[in-house]
Amino acid sequence: MKIVYCVLAALLGPGMTLAQSSSRQPISSQSKTDLTSEVQALREALLQMQKQVAAQQQEIEALKAQSKNPVTAPASSEPLPSRGNGVGGDSVASKLESTTVSAGVTIQQQPIQTQGQTKPEQIPLGAFRLGDAILELGGFVDLENVYRTTNTQSNIATNLGGFPYGNTPQGRVSEFRTTAQFSRLSIKVHDRFAGDDIIGFIEGDFSGNDSSGVYESANPHTNRLRLYFMDLKRGKWEILGGQTWSWLTPNREGTGPIPSDLAITYNEDQSLGVGVPYTRAAEFRVAYHLNEHWTFGVGIEDPNQYIGGFVALPAAFTSVGSQFDNGTQVGAANAFPDVLSKATYDNEFAHRHFHVEVTGLFTGAHAAAMPWGSSSFKTHMTVGGGGQIATNYDLLCDKLVFLANIFWSDGGAHYLAATGPELVVRPNTAGTDISLSMVHAGAGSAGFEWRATQKQAFAIYYGSDYYGRNFFPDTTNAAHPGTIIGYGGPGSPNTNNRAIQQVTFDWLQTLWKHPRYGALQTYVQYSYLTRAPWAVAPGDPKNAHLSMVYAGLRYVLPSSASTLLRVPYPN
């Protein structure tokens, strides 16, 4: 009521002054009449002012109550008056502002949700806002123990195509490692700009190119780039550029690049597992989401004309090996990018998710050689390709999931964890020149994932890689005519794999989980592998065998822990 007294004093002041100045003169009847009218008008003005202040005070109290309980607060049925600027009606904040100005009352403004107002976007726990963007820090701190029955001389990524045979010293001793190098850190930034939905993602771990003495004292494992890409969605179109998982890597749904979108098993082995094609390479791709079920896309990916140490080259053209990735020379003379296409279908049947996809591959390789009797080089090129079908289905409403894929190619070894070569170098009949010939490469896997509870998950997988033979006599070898070269021929070394098989059991246990503080998890993986060569020398074993166990303890950051309910561990 202080404001009433102030207004009264302001209005009565001039009247009292006028009365004092006029006290020396007699007051006429006309003056008395005028003064009475002014006093009456003043009383009416004060009464109206009191009513306005009382109404404003009630409005303030109502707004305070509404801010404390926006759900139950009654919404006004009157339309908000227009500001006249084409933006819309007055907001609650502007009402509070006008009340503050007119009544002289200061009110702390609070965000109030009114009927019809859009709710603010909810961000994941463990995430931060950078302006309008949302930044999520993900990853985990890992303590991993690895035991293998033979000395593969691998770190936490098993050499699936080269574990030793039992007739070698390395095949007669086991290996054990304890390491934290599997620890990982990722940053995801999500924003919207001009109608576009944009995601930036970077992920790294500590399994880079370690020095030969990395385990001697300090264990200085080097950081390496796993993923780094930007994904932009506008309407039904999606564009991605950067380093990400290949489209030959099976998805759990759609064509998404985030690790939790992919069917890359629960395995702890960084080589994933036999039978699952993958790369993490530089890519550019475009996808079109026709509707909620169908997605189609095409893209390019970094190629790699790979022969490893598997291929026997023509004696007169061994120098051509430096134009391929032969295990020591990484700067292969690639001809053009690999071209991949992908079509996916997703649907819900009785609350059970079904996903199927078809992926195509077109690849190639080239090399230059100087034919005998010529003074100039000649370039040779070959092309290959292949395809994959993959699927997964929730058999028990997101509790029991079946996954399977099958891949076949000419020259697709690049996607099978370097377990065989992409091509061979074939001499012509006269032994004066060469040509390039792709090697058949296929793979397949199937498995079940059982999400027993929100804290327990189990999985079983079977996978296999297969390589076809591609061999011929070396017509350039005058010293030893008829020597068989290429891949998989008679007398070839037992490194020339015909088939590699793997059976894996996984158990993941979440010991503790909090949406704000992350999760603590243990895991166990047991795998049994065999590999069979195309040629077996007399007295040599027909197969190499390997059993291995991964067991460890992991603390998962909050943003990554949110995926544990659906995908307990994104490799």
Hey, is the main chain of R252 close enough, under 3.5 Å, to the side chain of D261 for a donor-acceptor pair? no
Check whether more than 12 heavy atoms from other residues, nucleotides or ligands sit under 6.0 Å from atom CD1 of I406, and answer yes or no. no
Test side chain to side chain contact (heavy atoms under 4.5 Å, CB included) on F471 and N496; report intermediate values, then the result. CA-CA 11 Å; F471 64 92; N496 285 201; over 6 Å; no
T152 side chain to T158 backbone, donor-acceptor under 3.5 Å: no
Between D394 and H353, do the side chains contain a donor N or O and an acceptor N or O under 3.5 Å apart? no
Between R226 and E203 (side chain of the first, backbone of the second, donor and acceptor by atom type, cut-off under 3.5 Å), is there such a pair? no
Please check if atom CG in N291 has more than 12 non-hydrogen atoms from other residues, nucleotides or ligands closer than 6.0 Å. yes
Is there a donor-acceptor contact under 3.5 Å linking the side chains of R280 and Y228? no
Between R177 and S154 (side chain of the first, backbone of the second, donor and acceptor by atom type, cut-off under 3.5 Å), is there such a pair? yes
Would you check if there is a donor-acceptor pair between the side chains of N405 and S445 at a distance under 3.5 Å? yes
Inter-residue atom distance R554.CZ - F140.CZ, 0.5 Å rounding: 4.5 Å
Are E283 and T244 close enough that a side-chain donor and a side-chain acceptor fall under 3.5 Å? no
Using the side chain to side chain contact (heavy atoms under 4.5 Å, CB included) rule, take I307 and L423 through it: C-alpha gap first, then chi angles, then the decisive distance, then the call. CA-CA 6 Å; I307 62 173; L423 53 85; 3.8 Å; yes
What I'd like to find out is whether the side chain of N494 reaches to under 4.5 Å of the side chain of V536, using heavy atoms alone. no
Within the 3.5 Å criterion, strictly below it, is a donor on S547 or Y526 matched to an acceptor on the partner's side chain? yes
Are any side-chain N or O atoms of D346 and backbone N or O atoms of G254, one a donor and one an acceptor, separated by less than 3.5 Å? yes
Please lay out, stage by stage, how D269 and L160 fare under the test side chain to side chain contact (heavy atoms under 4.5 Å, CB included). CA-CA 10 Å; D269 193 339; L160 300 176; 4.2 Å; yes
Compute whether any side-chain donor of one residue and acceptor of the other, for T530 and N543, lie under 3.5 angstrom apart. no
Is the side chain of Q502 donor-acceptor paired with the backbone N or O of G273 at a distance under 3.5 Å, no angle test? no
Evaluate the criterion side chain to side chain contact (heavy atoms under 4.5 Å, CB included) for residue pair H545 and Y528; output intermediate values, then yes/no. CA-CA 8 Å; H545 303 270; Y528 175 75; 2.7 Å; yes
What residues, two or more places apart in sequence or in another chain, satisfy ring pair (Phe, Tyr, Trp, His ring centres under 6.0 Å) together with F402? F448
CZ (F349) with more than 12 external heavy atoms under 6.0 Å: yes
With a 6.0 Å cut-off (strictly less than), is the heavy-atom count around CZ of F193, excluding the residue itself, greater than 12? no
Any donor-acceptor N/O pair, N267 side chain to L272 backbone, under 3.5 Å: yes
Please check: side-chain N/O of N497 versus main-chain N/O of A499, any donor-acceptor pairing under 3.5 Å? no
Counting only heavy atoms not in K378 (residues, nucleotides, ligands), do more than 12 fall under 6.0 Å from its NZ? no
Quiz: residues 407-418 side-chain donor-acceptor pairs under 3.5 angstrom, not counting sequence neighbours:
from : atom 1 : to   : atom 2 : distance (Å)
S409 : OG     : G412 : N      : 2.9
S409 : OG     : A441 : O      : 3.0
D410 : OD1    : H440 : ND1    : 2.2
Y415 : OH     : D338 : OD2    : 2.7

K236 side-chain N/O to Y288 backbone N/O, donor-acceptor pair under 3.5 Å: no
Would you say L232 has more than 12 foreign heavy atoms packed within less than 6.0 Å of its CG? yes
Main chain of Q153, side chain of R148: is a donor-acceptor contact present, judged purely on distance under 3.5 Å? no
Classify the side-chain pair E449/N392 by whether it contains a donor and acceptor separated by less than 3.5 Å. no
W450 and ring pair (Phe, Tyr, Trp, His ring centres under 6.0 Å): which single residue from Y266, W507, F458 fits? F458
Cation-pi geometry met for R184 and F182 (6.0 Å, 45°): yes
State whether a side-chain donor-acceptor pair under 3.5 Å links T419 with Y467. yes
Between Y345 and N347: side-chain donor-acceptor atoms closer than 3.5 Å: yes
Value rounded to 0.5 Å, distance of CD1 in I134 from CD1 in I199: 10.0 Å
Ring centers of F201, F229 separated by less than 6.0 Å: yes
